2 protein chains.
Amino acid sequence: MSLHSSTRVADVRVTPIAFRDPPLLNVAGVHEPWALRSIIEIEMTDGRIGLGESYGDLQTLANLARVAPQLVGIDVFDTNTLIRIVYAAVGGDPDPAAPFPPKGDKARATAVAAFEVALLDLQAKVAGQPLYQLLGGAVRPALPLSAYLFYKFALHHGMEQDVADDWGEVLTPAQMVGEAQRMVAQYGFGSIKLKGGVFAPEVEIDALLALRDAFPGMPLRIDPNGGWTVQTTRRVLPALAANGLLEYLEDPVSTLQEMGEVARFADGMPLATNMVTIAFGHVPETVRLHAVQVILSDHHYWGGLRATQQLATIGRTFGLGISMHSNSHLGISLAAMTHVGVTIPNLRYACDTHYPWQVDEVITGGKLPIRGGQLAPPPGNGLGVTLDRGQLARLHRNYLDCGIRVRNDAGEMRKHQPGFDDRRPRF
Amino acid sequence: MSLHSSTRVADVRVTPIAFRDPPLLNVAGVHEPWALRSIIEIEMTDGRIGLGESYGDLQTLANLARVAPQLVGIDVFDTNTLIRIVYAAVGGDPDPAAPFPPKGDKARATAVAAFEVALLDLQAKVAGQPLYQLLGGAVRPALPLSAYLFYKFALHHGMEQDVADDWGEVLTPAQMVGEAQRMVAQYGFGSIKLKGGVFAPEVEIDALLALRDAFPGMPLRIDPNGGWTVQTTRRVLPALAANGLLEYLEDPVSTLQEMGEVARFADGMPLATNMVTIAFGHVPETVRLHAVQVILSDHHYWGGLRATQQLATIGRTFGLGISMHSNSHLGISLAAMTHVGVTIPNLRYACDTHYPWQVDEVITGGKLPIRGGQLAPPPGNGLGVTLDRGQLARLHRNYLDCGIRVRNDAGEMRKHQPGFDDRRPRF
């Protein structure tokens, strides 16, 4: 331990937070007024701090809490020991060399990722480099992001006003075009993704057609989150494919088997997923079924930034496109996505992000600036972001006070529509 | 450039060398008296030097020479720019994001690897870490290696004595057991690989049986280098499988298609390869045919140490075992193999190395110490090895004087056996 004792972990802190979230609609219901997240701090023996951000649900927090104290004393470069500790602490085969389980290992990969990003942040600081350099260097100056459009209510149930959400109601094609126009004007996005699965497919296709009219030539996508049956998908595919309406169709159905069925009649329409291929163990069956053409990677559940790069190599090897998925998140996650995203040559699609919907931030200096539809890696060594401790304390207080411990979009929706049924497929 | 100007490449030197090599037999003929290699030095703006080692044939040297001057000025962390430069300078699709070509891209991957190792050596020095730490930390203290047994002549053609080779003639089972006993006694190896394809399979199986008698329980392998037909392999497989004689059978046949045929009747005998799956572009067909169970990785032609880790992840994803292949090499290559090898959890087989056959060395302090059949990463930051400039000059002089520019085992064999036919399959 003596040789590199200056690069050892001295302390690990995991702070659950809650930040305000608009009433965004999806197949499962509607976003609650508070989104949960965890902020990971790894303090090195020399006092420098590496940051990570992950989910804030009880199960994730329990897993992170199980792992955190065991990381004290490991070298910040030794991510293999992080993985070994996570495998021993979080359910599943404790052998980190065993084949990836075909059913996935999201809990373990999530715990690895949460801490790995913080360790990489420290590694890059030790090396005196921005994180993208430690990850092999940038192949592009900034990460292209897409406008992530949602149907939404004007207000959360029971609210009479919301100073944190001035987007108003978005339920019609015209309102959706308005949302898109504001988002594109504000951030310069060059791609549009519509969160679908809320209304019947034909209704959502009307919104896509209105977006096409308003944004000629701009790549469009729709993501019904597995809300359609195979039969429904077959019925609406011609309208989605007509005149090149869609760049890709994301998760129309909810199982890998069904995606394979859709792929057989998709007739050239690329299928994307962040639902059926979400772990290395899912890749062989994905390849065998030719079920997916674009994997929406997500370092939070694929096992971190190095794992994301490995996934990208698998994509290049098997002819699968790579983009990025997003959950509601703050700037640490976005910085991590950006640093790794600029290093991946075959990341050829603008990435998803919920970031424009968030008004809170936990990093110093407030929200990161998306310009021209892109985000450049924040300047400085490591991730290039630091914690605003005042905001962290405030957002942690939100967590303590908000009463939400596990995300429940369906329960929230039932406050608006008491009979809401979140079973899938809905259409 | 100003922010990190201290980590830029100031100079790149590629020095061809030749070192003495014993008359080792294989399916292609016999090793010549000199083995060729290239030593890569990348000097950083602060004067520190990163080392690499690669092939020394004319084509490789030409590719390295094309790339080397273009690396001046790049950041030592920016391996993506290295890759872009190589793709533009060495034949094939110049787009580093294009799918890996199904026919492989050995020339480009070789050039990337030669320089990548030297850049990683520098990166680790900048970070103040042993290279294995930069690569994610060691999962084992040392890299297990296997005794690499060869049939051999006592002397090269025309030599009357050879002070650099006191192994004598090895052509019979008894002589092979003697070779193995000396090698195991000297280095403590716990696995044995026999280079086959030299004699009829039944003759080589006699040698394996003699080795089995002399080393009960020790894992044995044979590598005929694609020297057998599918029919021959079918004929001898029962003898190879009897009583668990072999740990795995390496490259009995010479095409991926044929390996797939062998796999269908191999009946549980794992098939290994460093001949039919030697690039990411070969992996999909390998998986489709279930042709191979163990990939013998080799950072020199897979594209470097990060690529080797990515291959290992592919192996874990698709249930393929990972080990390591070797050509005749010196200590820089062995140090690189060791640093990456100790970081790969699913490297479950002892790795090949020709190192015990070499008497020359180009690194300070002479040969690296294999003990108990393993090599620990050389201590210190980066690769942990430095150049002995006197030896480099001597070995470069050998290169200039020896007259060999492209390895030609068949031509060398025809000095011994004028009618030697190196066409494969031989048996």
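Computation of the quantities below employed the complete heavy-atom set of this structure, encompassing side-chain atoms and omitting hydrogens, waters and symmetry-equivalent molecules. What you see is a predicted model; the values in this text were computed from it and never measured. So you know, we letter chains A, B, ... as the sequences are listed, proteins then strands, and number each from 1.
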Q: Mind running side chain to side chain contact (heavy atoms under 4.5 Å, CB included) on B:Leu134 and A:Gln123 for me, showing each step along the way?
A: CA-CA 8 Å; B:Leu134 190 77; A:Gln123 290 178 25; 5.5 Å; no
**Q.** Pair B:Phe318-A:Phe318, ring pair (Phe, Tyr, Trp, His ring centres under 6.0 Å): steps then yes or no
**A.** CA-CA 12 Å; B:Phe318 287 91; A:Phe318 287 91; 4.8 Å; yes
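Between chain A and the residues B:Thr343, B:Leu347, B:Leu311, B:Ile344, the most heavy-atom pairs under 4.5 angstrom are made by B:Thr343. Contact tally against chain B (heavy-atom pairs below 4.5 Å) for A:Pro96, A:Ala124, A:Pro99: the top residue is A:Pro96. Between chain A and the residues B:Pro102, B:Gly136, B:Ala127, the largest count of heavy-atom pairs under 4.5 Å involves B:Gly136. Among A:Val126, A:Thr79, A:Thr317, the residue with the largest count of heavy-atom pairs under 4.5 Å with chain B is A:Thr317.
Between B:Gln133 and A:Asp75, the side chains place a donor N or O and an acceptor N or O closer than 3.5 Å (distance only, hydrogens not considered). Checking A:Thr277 against A:Thr286 by side-chain atom types alone, a donor-acceptor pair falls below 3.5 Å. With hydrogens and angles left out, the side-chain atoms of A:Ser6 and A:Thr45 include no donor and acceptor closer than 3.5 Å.
Within the 4.5 angstrom heavy-atom criterion, no atom of A:Val76 approaches chain B. Looking at A:Arg84, neither its backbone nor its side chain comes within 4.5 Å of chain B, counting heavy atoms on both sides. Heavy atoms of B:Arg288 lying under 4.5 Å from chain A are absent altogether. Neither the backbone nor the side chain of A:Ala307 comes within contact range of chain B; no heavy atoms are under 4.5 Å apart. Contact of A:Arg348 with chain B is made through the side chain alone, with heavy-atom distances under 4.5 Å. For A:Ala279, no part sits under 4.5 Å from any heavy atom of chain B, backbone or side chain.
Below 30°, between 30° and 60°, or above 60°: for B:Tyr248 and B:Tyr349 the angle between ring planes is above 60°, a perpendicular geometry.
Cation-pi geometry between A:Arg108 and A:Tyr87 is satisfied (NZ or CZ under 6.0 Å from the ring centre, within 45° of the ring normal).
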